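Step one of this worksheet: look at the structure below.
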Protein chains: 2
Amino acid sequence: MQLDERKQEILKAIINNYFETALPVGSRTISKQYNLGVSPATIRNEMSDLEELGFIIQPHASAGRIPSDKGYRLYVDMVMQLQKAEYRKLVYLEELKASAGRIEDLLKIIAKRLAEETNYATLISTPQYKKTKIKNIQLVEVSSQDLLVIVVAERNQVKDSLIHLEQPIHQELLTRLSVCINQELKGMTLEEINLDCIHRIKGNNAQEQRIMSEVLDVIFKAIRQIDEADIFTYGAANMMKLPEFQDVGKASSIMKALEQEEILEDIINTTFESDDGNVKIVIGEENNIQDLRDLSLITTSYHINGEKAGAIAIIGPKRMDYVNTISNLRMLIKDVDELLTQLSRR
Amino acid sequence: MQLDERKQEILKAIINNYFETALPVGSRTISKQYNLGVSPATIRNEMSDLEELGFIIQPHASAGRIPSDKGYRLYVDMVMQLQKAEYRKLVYLEELKASAGRIEDLLKIIAKRLAEETNYATLISTPQYKKTKIKNIQLVEVSSQDLLVIVVAERNQVKDSLIHLEQPIHQELLTRLSVCINQELKGMTLEEINLDCIHRIKGNNAQEQRIMSEVLDVIFKAIRQIDEADIFTYGAANMMKLPEFQDVGKASSIMKALEQEEILEDIINTTFESDDGNVKIVIGEENNIQDLRDLSLITTSYHINGEKAGAIAIIGPKRMDYVNTISNLRMLIKDVDELLTQLSRR
DNA sequence: GTTAGCACTCAATCATTTGGAGTGCTAACA
DNA sequence: TGTTAGCACTCCAAATGATTGAGTGCTAAC
């Protein structure tokens, strides 16, 4: 059976109506509100076909129809093709640019604003530094046994880590160590630095093996720590206003899910890994996280200097406003990329 | 009217029963389950008195009684007097000590674990640095126009801030600047550093006024930024399992409240300011945050080197398990103080 | 292929009933 | 005087049942 024009129209009508009401849609409603020029009876026949094809579902025998995940998918794909990007600069980014904040704070503000604007939940990860090359590593003596390791990376991303030494260290040795470490590690990406190359550095300096070893181990740990991305969420409470989550059980499982770091990481990682520069839509059970099967995700990556750096996700009900949310996100990401790139360059 | 022994017993019985069931408690239930040696009729008379005194409330005419805020307060005060601190070291703190993490990460883990253990929501603030004295300020050149300001404070608390200069700066000037800044600011607390003293430094160096001014302004901003405490929440979703919040409206308003930074800051600040080394209990409307009027807070401050540094709060229903939660928190705080002090000293 | 008509289904709603838990009051009792 | 049994009364919660209305599927006619 083919999905002819009329079936498509009817499917669209069902979905549009369901978007507004969150209630099953019947044939009479469609025939009255969308003048397709056919009677309810005809629409019923078509709906029967659409159900057979798996695009819509009847919650119970005498109810109207609601879209299935497959139906949503078809709809979204159809609509997205028509959608042309109409660009409007987001107001608050000017503010952000002015504030001399750190990247993390910027991202937090962005996620928060996005949640407020869309009325859905948002998720954002801080930049991943794996691919970033090390510009230099500074060792600063804080006290005789405390050393501050500062890693300055390619895009002026800075992370520090305070380490405590078992033994005091001489200024002279510190300088030598610093020179040596920089020689070896400068220009490497964070992910390239592994135990092997740490050992190589150790080997070069037979004399102070012991202290060297200690410092290097801690530097290695510090670099690993730098590598970890944080994830922030906002607007989870927005979900509770929606009619589909008036059931406390459902609402509760969603809130719990959005508190679990593994789930958030999963979303962010999936987004990050599958990045092709486009906004992705994941509808209902298309995502494999049980607790989020009643939700849809709109995800994308942001970039610094043209390279993907982190991910943003918007989480909403399956009947979320895909068109506006996506165009919102598209515009946002354009500005964010630009902003972050500027910040990283200056 | 006096609160004689029997009235107290009955009040306790009502509260204990309500703790378990979250349902209004009637006279028959009390007479059956707690053998006070009197009939339901007598208990009814007493309950009538207790209600007149404001310790219990009747939700509607033919219902049992539930405790009022005043009733909870009396109960908590009574019970807390009896309670003697029975100390048991928390298991996971050993783990924490071993991990070379930063303070923020430790606090996050603590809050998370506490939420899991108590099944309530928890709130924790990162240390406030206002009272901390500056040990030294390092200026590290990252590139010709980028300067990394590293503020090392008394307890080896380190914060850095990357600043971008309008003009390049010479190495020689940088050194001079660094010496000068350290001379002036070393030993001051973060809260003592204000625009006045920044201006004083400027004044001393008429020659390089312009660049000096620029750098100092940014340092000042950076210090202000360092000063800001973060707040983390965990376990908000735990609230939704409780019978009293099965109503979506209530649950929703709580979740929303726990997402609002101002509210969290309010809780933390109040706790911090009223700290006297003890655990505080705030029941229902005793706190002035409308959205939290159905909840109780158990709060306390943690300390570093004997000085209060940040705050922890546990948020739960009014019928929360005060006794265990408080003793849990007391033990925790003891260990946390010790742990953080150790970390700051080494 | 489309439509009108009709029987049928089912959930939601509303009024009514019923049961039970609880109270307050009164009169009797120790 | 404090305690208690008894009783009328109240009110909520759950069950029952009738009603409504939205919706379907099927059939026969156009």
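Everything quoted here is computed from the prediction, not taken from an experiment. Numbered from 1 within each chain, the chains take letters A, B, ... in sequence-line order.
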Legend entry - Note: B:K7-B:D49 ion pair, threshold 4.0 Å (strictly below): yes
Inset, instruction - Identify, with sequence neighbours excluded, every residue that meets ring-ring contact (aromatic ring centres under 6.0 Å, His included) alongside A:F232. - result: none
Inset, instruction - Report the distance from atom CE of B:M47 to atom C1' of C:dG22, rounded to the nearest whole Å. - result: 9 Å
Just the atom pairs and distances: protein N or O near nucleotides 10-12 of chain D's N or O, under 3.5 Å.
{"from": "D:dT10", "atom 1": "O2", "to": "B:S62", "atom 2": "OG", "distance (Å)": "3.1"}
{"from": "D:dC11", "atom 1": "O4'", "to": "B:S62", "atom 2": "OG", "distance (Å)": "3.0"}
{"from": "D:dC11", "atom 1": "O2", "to": "B:S62", "atom 2": "OG", "distance (Å)": "3.0"}

Legend entry - Interatomic distance where CD1 belongs to A:I30 and P belongs to D:dA22 [whole Å]: 15 Å
Legend entry - Any B:F245 side-chain heavy atom under 4.5 Å of B:L295 side chain: yes
Legend entry - CA sep, side-chain torsions, deciding dist, call: B:I263, B:L258, side-chain contact (heavy atoms from CB on, under 4.5 Å): CA-CA 7 Å; B:I263 291 182; B:L258 292 180; 5.8 Å; no
Legend entry - Sub-4.0 Å heavy-atom contacts from residues 8-18 of chain B onto DNA chain C, ordered by number: none
Legend entry - Length of the CG-P vector between A:L36 and C:dG1, whole Å: 18 Å
Inset, instruction - Could you tell me whether A:D69 and A:R73 have a side-chain N and a carboxylate O separated by less than 4.0 Å? - result: no
Inset, instruction - Could you tell me the separation between the CG atom of A:D49 and the P atom of D:dT24, rounded to a whole number of Å? - result: 13 Å
Inset, instruction - I would like to know whether A:D266 and A:T270 meet side chain to side chain donor-acceptor pair (under 3.5 Å); could you show each step before the answer? - result: CA-CA 6 Å; A:D266 190 1; A:T270 310; 3.2 Å; yes
Are any protein N/O atoms closer than 3.5 Å to N/O atoms in nucleotides 2-5 of chain D? If there are, list each pair with its distance.
{"from": "D:dT3", "atom 1": "OP1", "to": "B:R6", "atom 2": "NH1", "distance (Å)": "2.8"}
{"from": "D:dT3", "atom 1": "OP2", "to": "B:R6", "atom 2": "NH2", "distance (Å)": "2.9"}
{"from": "D:dT4", "atom 1": "OP2", "to": "B:S39", "atom 2": "N", "distance (Å)": "3.0"}
{"from": "D:dT4", "atom 1": "OP2", "to": "B:T42", "atom 2": "OG1", "distance (Å)": "2.5"}

Inset, instruction - Go ahead and write out DNA chain D as dot-bracket, 5' to 3': ( ) for pairs within the strand, [ ] for ones crossing earlier pairs, | when the partner sits on another strand, dots for unpaired; Watson-Crick or G-U wobble, both distances under 3.5 Å. - result: ||||||||||||||||||||||||||||||
Legend entry - side-chain N/O B:R65 vs C:dG22 OP1/OP2, d < 4.0 Å: no
Legend entry - A:E51 side chain reached by A:I56 side chain, heavy atoms, under 4.5 Å: yes
Inset, instruction - Considering just the side-chain nitrogens and oxygens of A:S48, establish if one lies under 4.0 Å of OP1 or OP2 belonging to D:dT24. - result: no
Legend entry - Considering all heavy atoms, the nearest A:M47-A:I10 contact: CG-CG2, 4.1 Å
Inset, instruction - Mark yes when over 12 heavy atoms from residues, nucleotides or ligands other than A:N35 sit less than 6.0 Å from its CG; otherwise mark no. - result: no
Inset, instruction - To the nearest Å, give me how far apart NZ (A:K32) and P (D:dG21) are. - result: 13 Å
Legend entry - Residues, nucleotides or ligands: over 12 heavy atoms within 6.0 Å of B:K256 NZ: no
Legend entry - Under 3.5 Å: donor-acceptor pair, side chain of A:Y120, backbone of A:D321: yes
Legend entry - B:E261/A:K112 ion pair, N-O < 4.0 Å: yes
Legend entry - Nearest-Å distance for atom pair CD1/P, residues B:I57 and C:dG22: 18 Å
Inset, instruction - Identify whether the distance between the nearest side-chain nitrogen and carboxylate oxygen of A:E244 and A:R319 falls below 4.0 Å. - result: yes
Legend entry - Any donor-acceptor N/O pair, B:S31 side chain to B:S39 backbone, under 3.5 Å: no
Please tabulate the protein-to-nucleotide N/O contacts below 3.5 Å involving nucleotides 28-30 of chain D, giving atom names and distances.
none

Legend entry - Backbone N/O of A:G54 and side chain of A:S68: donor-acceptor pair under 3.5 Å: yes
Inset, instruction - For this output row, return yes or no: ring centroids of B:Y18 and B:Y75 closer than 6.0 angstrom. - result: no
